[in-house]
Amino acid sequence: QVQLVESGGGLVQAGGSLRLSCTVSGRTFSSYTMGWFRQAPGKEREFVVGIRWSGGRTYYADSVKGRFTISRDNAKNTVYLQMNSLKPEDTAVYFCAAALGVTIPTTSNRYDYWGQGTQVTVSS
């Protein structure tokens with residue numbers, strides 16, 4: 001059974017930092033792209049960043065470029081999202097997802113597996 005489990009969300013003041021984790025299990029993800037999405041109340045799910053599990057190539061949404069960093073630890077089967085200089089508009093539920101293939105999709109319907117989400121709230 002494939003599982004993606006996110007952790008690390010919380011409440012932080014504007015300008016602060018959080019690190020999200022996504023631990024995967026149930027299959028080998030070496031041929032997958034791992035992505036982080038977020039969804040704020042009343043808004044569509046939005047692509048944040050993706051990373052190829054094999055090779056580590058990354059792609060960031062413009063809204064987070066320079067502030068967020070994605071990384072992976074193959075030994076721990078875990079993908080991380082380091083979020084710095086957080087802004088109130090970063091407030092959302094953050095989801096980890098996995099997509100089979102060599103590209104880094106930016107639309108949610110291209111992803112095959114999803115975590116349950118973790119809440120990030122940035123106060124002003």
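Please read all numbers here as calculations on a predicted model, not as lab measurements.
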Would you please indicate if the ring centroids of W36 and F68 are separated by under 6.0 Å?
-> no
Could you tell me which non-hydrogen atom of T118 sits nearest to which non-hydrogen atom of G9, and how far apart they are?
-> OG1-N, 3.2 Å
Tell me whether the guanidinium CZ or amine NZ of R45 lies under 6.0 angstrom from the six-membered ring centre of F95 and within 45° of its axis.
-> yes
Are the side chains of L100 and S31 in touch, meaning some heavy atoms are under 4.5 Å apart?
-> yes
Measure the spacing between CZ of R72 and OG of S54 and express it to the nearest 0.5 Å.
-> 7.5 Å
Go through the steps for I51 and V79 under the test side-chain contact (heavy atoms from CB on, under 4.5 Å), then give the verdict.
-> CA-CA 9 Å; I51 185 169; V79 176; 4.3 Å; yes
Decide yes or no for W53 and N77: does some side-chain heavy atom of the first lie under 4.5 Å from some side-chain heavy atom of the second?
-> yes
Non-hydrogen atoms of S108 and W114 that approach each other most closely | O-CZ2, 3.4 Å
Where is the tightest heavy-atom contact between V102 and R57, given as atom of each residue plus distance?
-> O-NH2, 2.7 Å
CZ/R110: more than 12 non-hydrogen atoms of other groups inside 6.0 Å = no
So how far is it from Y60 OH to T106 OG1, rounded to the nearest 0.5 Å?
-> 15.5 Å
Q82 side chain to I70 backbone, donor-acceptor under 3.5 Å = no
Could you tell me whether D62 and K65 make a salt bridge, using a distance below 4.0 angstrom between a side-chain N and a carboxylate O?
-> yes
Common cluster, V24/V5, ILVMFWY with side-chain heavy-atom separation under 4.5 Å = no
Common cluster, Y80/M34, ILVMFWY with side-chain heavy-atom separation under 4.5 Å = no
Is a donor on one side and an acceptor on the other found under 3.5 Å between the side chain of Y59 and the backbone of P105?
-> no
Would a distance-only check, ignoring hydrogens and angles, find a side-chain to backbone donor-acceptor pair under 3.5 Å from R52 to Y32?
-> yes
Taking atom types as modelled, is there a side-chain donor on T121 or Q119 under 3.5 Å from an acceptor on the other?
-> yes
Heavy-atom side-chain proximity of S63 to E46 below 4.5 angstrom = yes
Could you tell me the separation between the CZ atom of R27 and the CD atom of Q1, rounded to the nearest 0.5 Å?
-> 13.0 Å
How about L20 and V120: do any of their side-chain heavy atoms sit closer than 4.5 Å?
-> yes
In terms of hydrophobic clusters joined by side-chain contacts under 4.5 Å, are F29 and Y111 together?
-> no
For S17 and S85, which heavy atoms make the closest approach, and how far apart are they?
-> OG-N, 4.4 Å
Working for side-chain hydrogen bond (donor to acceptor under 3.5 Å, both in side chains), residues T78 and T23 | CA-CA 4 Å; T78 300; T23 300; 3.1 Å; yes
Between Q13 and L86, is a side-chain contact (heavy atoms from CB on, under 4.5 Å) present by the stated rule, with each step listed?
-> CA-CA 8 Å; Q13 288 188 333; L86 282 162; over 6 Å; no
Over all atoms of both residues, closest heavy-atom pair of A14 and S124 | CB-CA, 4.4 Å
Decide side-chain contact (heavy atoms from CB on, under 4.5 Å) for V64 and M83; before the verdict, give the C-alpha distance in whole Å, the side-chain angles of both, and the deciding distance to 0.1 Å.
-> CA-CA 9 Å; V64 305; M83 305 186 295; over 6 Å; no
Any chance you could lay out the side-chain contact (heavy atoms from CB on, under 4.5 Å) test for L81 and Y94, step after step, and finish with the verdict?
-> CA-CA 10 Å; L81 180 62; Y94 282 70; 4.2 Å; yes
Does any N or O in the side chain of E6 come within less than 3.5 Å of the main-chain N or O of C96, such that one atom is a donor and the other an acceptor?
-> yes
